[in-house]
Amino acid sequence: MSLHYVSSSVSAAVPARLQAGHLALGNMAVSSAARAPHGYCQLRKLASHELQWLPELCELLTDSVHRGASLGFLAPLSRYAALEYWHGVFARLGPRHKLWVACSGEGPDARLLGAVQLSLCPLANAHHRGEVQHLMVHSQARGQGLASRLMTRLECTALAHGRSLLVLETQSGSQAEAVYAHLGWQRVGEIPDYGACAEGQLQGAALYYKRLQQP
């Protein structure tokens, strides 16, 4: 796999897990590293060739993991591991996998505020289903409804592709559960000791689903 250079803004240091204003949301991660102020924001669906977003996506993922988010990684997360992950995501982008980012503006000065992915199940008996993956929002961008906007865009796209059911898993007991409940998701149950958090301790996973209907 050809790897592109990531700028040194992707920190390799591991901050304290719980800092003032920190919120780690399992499948949804909120980070305090955002640099963009409140204001205009747009959502963009990225294509596989838009690799100019790699540095900020790596920074978002690295900061989220280092602040305790349960995203399938352990801290400290190296620049190489973050870059390798996002290269894998970009390689999958297409009819079955989507990636949206929330940006503070347009052009070269746009700042990344959040991201979310949608995976459309390819199984012949599950063309009605999709999975939400890695919803992340910068902590300094909270209060602007970015999580809701990202999820609404994702749900509309899922409906356009004939998907009527979405599923996700998130760390049990996290504040993400309140977020997803607020957005209309239904909790199915919990799997104990499903995976390790960023610090290595086993955590349970809460399973959620949402039925989609045409407006």
Side-chain angles (χ1 to χ4, degrees), residues 17-19 21-34 43 57 60-75 77 81-82 85-86 88-89 92 97-102 112-121 126 129-158 163-212:
R17 184 174 185 271
L18 296 178
Q19 300 183 15
H22 162 63
L23 184 61
L25 296 180
N27 186 37
M28 174 182 177
V30 177
S31 154
S32 61
L43 303 185
L57 285 167
L60 173 64
L61 176 63
T62 303
D63 183 78
S64 298
V65 171
H66 286 182
R67 294 174 187 274
S70 177
L71 296 169
F73 298 95
L74 297 177
L77 179 66
Y85 167 75
W86 283 114
V89 171
R92 295 194 301 273
H97 201 87
K98 316 291 182 183
L99 168 64
W100 291 268
V101 294
L112 189 69
L113 303 178
V116 70
Q117 297 172 53
L118 170 65
S119 178
L120 300 175
C121 187
R129 190 175 78 224
E131 180 182 0
V132 178
Q133 299 177 357
H134 286 103
L135 173 62
M136 295 179 275
V137 177
H138 273 296
S139 62
Q140 291 183 10
R142 283 185 233 158
Q144 302 179 47
L146 290 182
S148 178
R149 290 183 60 189
L150 285 164
M151 292 294 282
T152 297
R153 179 67 59 85
L154 180 151
E155 291 173 15
C156 289
T157 301
R163 308 295 163 135
S164 58
L165 178 69
L166 292 178
V167 298
L168 63 82
E169 60 91 3
T170 192
Q171 184 175 315
S172 60
S174 68
Q175 295 186 46
E177 297 212 61
V179 173
Y180 291 125
H182 175 72
L183 295 177
W185 287 74
Q186 302 297 313
R187 196 180 199 268
V188 178
E190 179 179 332
I191 303 174
D193 296 340
Y194 186 74
C197 67
E199 295 178 336
Q201 291 82 25
L202 290 179
Q203 302 279 347
L207 307 179
Y208 282 80
Y209 77 92
K210 186 174 186 179
R211 295 192 183 277
L212 304 181

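Source: prediction; values computed, not measured. For the single chain, residues carry numbers from 1 onward in sequence order.
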Between [X] (side chain) and [Y] (backbone), is there a donor-acceptor pair under 3.5 Å?
{"X": "Lys210", "Y": "Leu183", "answer": "yes"}
{"X": "His134", "Y": "Leu71", "answer": "yes"}
{"X": "His66", "Y": "Leu77", "answer": "yes"}
{"X": "Arg211", "Y": "Leu165", "answer": "no"}
{"X": "Trp86", "Y": "Leu57", "answer": "yes"}
{"X": "Ser174", "Y": "Gln171", "answer": "yes"}
{"X": "Arg163", "Y": "Cys121", "answer": "yes"}

| Given side chains that start at C-beta, do those of Gln133 and Glu131 come closer than 4.5 Å, heavy atoms only? |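 Side chain of Gln133 against side chain of Glu131, heavy atoms only: contact under 4.5 Å found.
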
| request: For residues Val132 and Trp185, determine if any side-chain heavy atom of one lies less than 4.5 Å from a side-chain heavy atom of the other. | output: yes

| query | Can you check side chain to side chain contact (heavy atoms under 4.5 Å, CB included) on Glu177 and Thr170, steps first, answer last? | reply | CA-CA 7 Å; Glu177 297 212 61; Thr170 192; 4.2 Å; yes

| task | Report the C-alpha distance between Leu150 and Leu135 in whole Å, list the side-chain angles of each, state the deciding distance to 0.1 Å, and finish with yes or no for side chain to side chain contact (heavy atoms under 4.5 Å, CB included). | result | CA-CA 8 Å; Leu150 285 164; Leu135 173 62; 4.0 Å; yes

Quiz: residues 189-198 side-chain donor-acceptor pairs under 3.5 angstrom, not counting sequence neighbours:
unit_1, atom_1, unit_2, atom_2, d
Glu190, OE1, Arg187, NH2, 3.1
Glu190, OE2, Ser172, OG, 3.3

Contact summary for [X] and [Y], nearest pair of heavy atoms:
{"X": "Leu154", "Y": "Gln117", "value": "CD1-O, 3.4 Å"}
{"X": "Ala158", "Y": "Leu166", "value": "CB-CD2, 4.0 Å"}
{"X": "Arg149", "Y": "Leu43", "value": "O-CD1, 3.5 Å"}

To the nearest 0.5 Å, what is the distance between [atom1] ([X]) and [atom2] ([Y])?
{"X": "Arg129", "Y": "Ser164", "atom1": "CZ", "atom2": "OG", "value": "10.5 Å"}
{"X": "Arg153", "Y": "Glu155", "atom1": "CZ", "atom2": "CD", "value": "12.5 Å"}
{"X": "Leu99", "Y": "Arg92", "atom1": "CG", "atom2": "CZ", "value": "10.0 Å"}

| task | Consider only side-chain N and O atoms of Gln186 and Tyr180, and report whether a donor and an acceptor are under 3.5 Å apart. | result |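 Result is no, nothing qualifies.
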
| message | Determine whether Val167 and Tyr208 satisfy the following criterion, side chain to side chain contact (heavy atoms under 4.5 Å, CB included), listing intermediate values before the conclusion. | response | CA-CA 6 Å; Val167 298; Tyr208 282 80; over 6 Å; no

| query | According to the interplanar angle, ranging from 0 to 90°, do the rings of Tyr85 and Phe73 count as parallel (below 30°), tilted (30 to 60°) or perpendicular (above 60°)? | reply | perpendicular

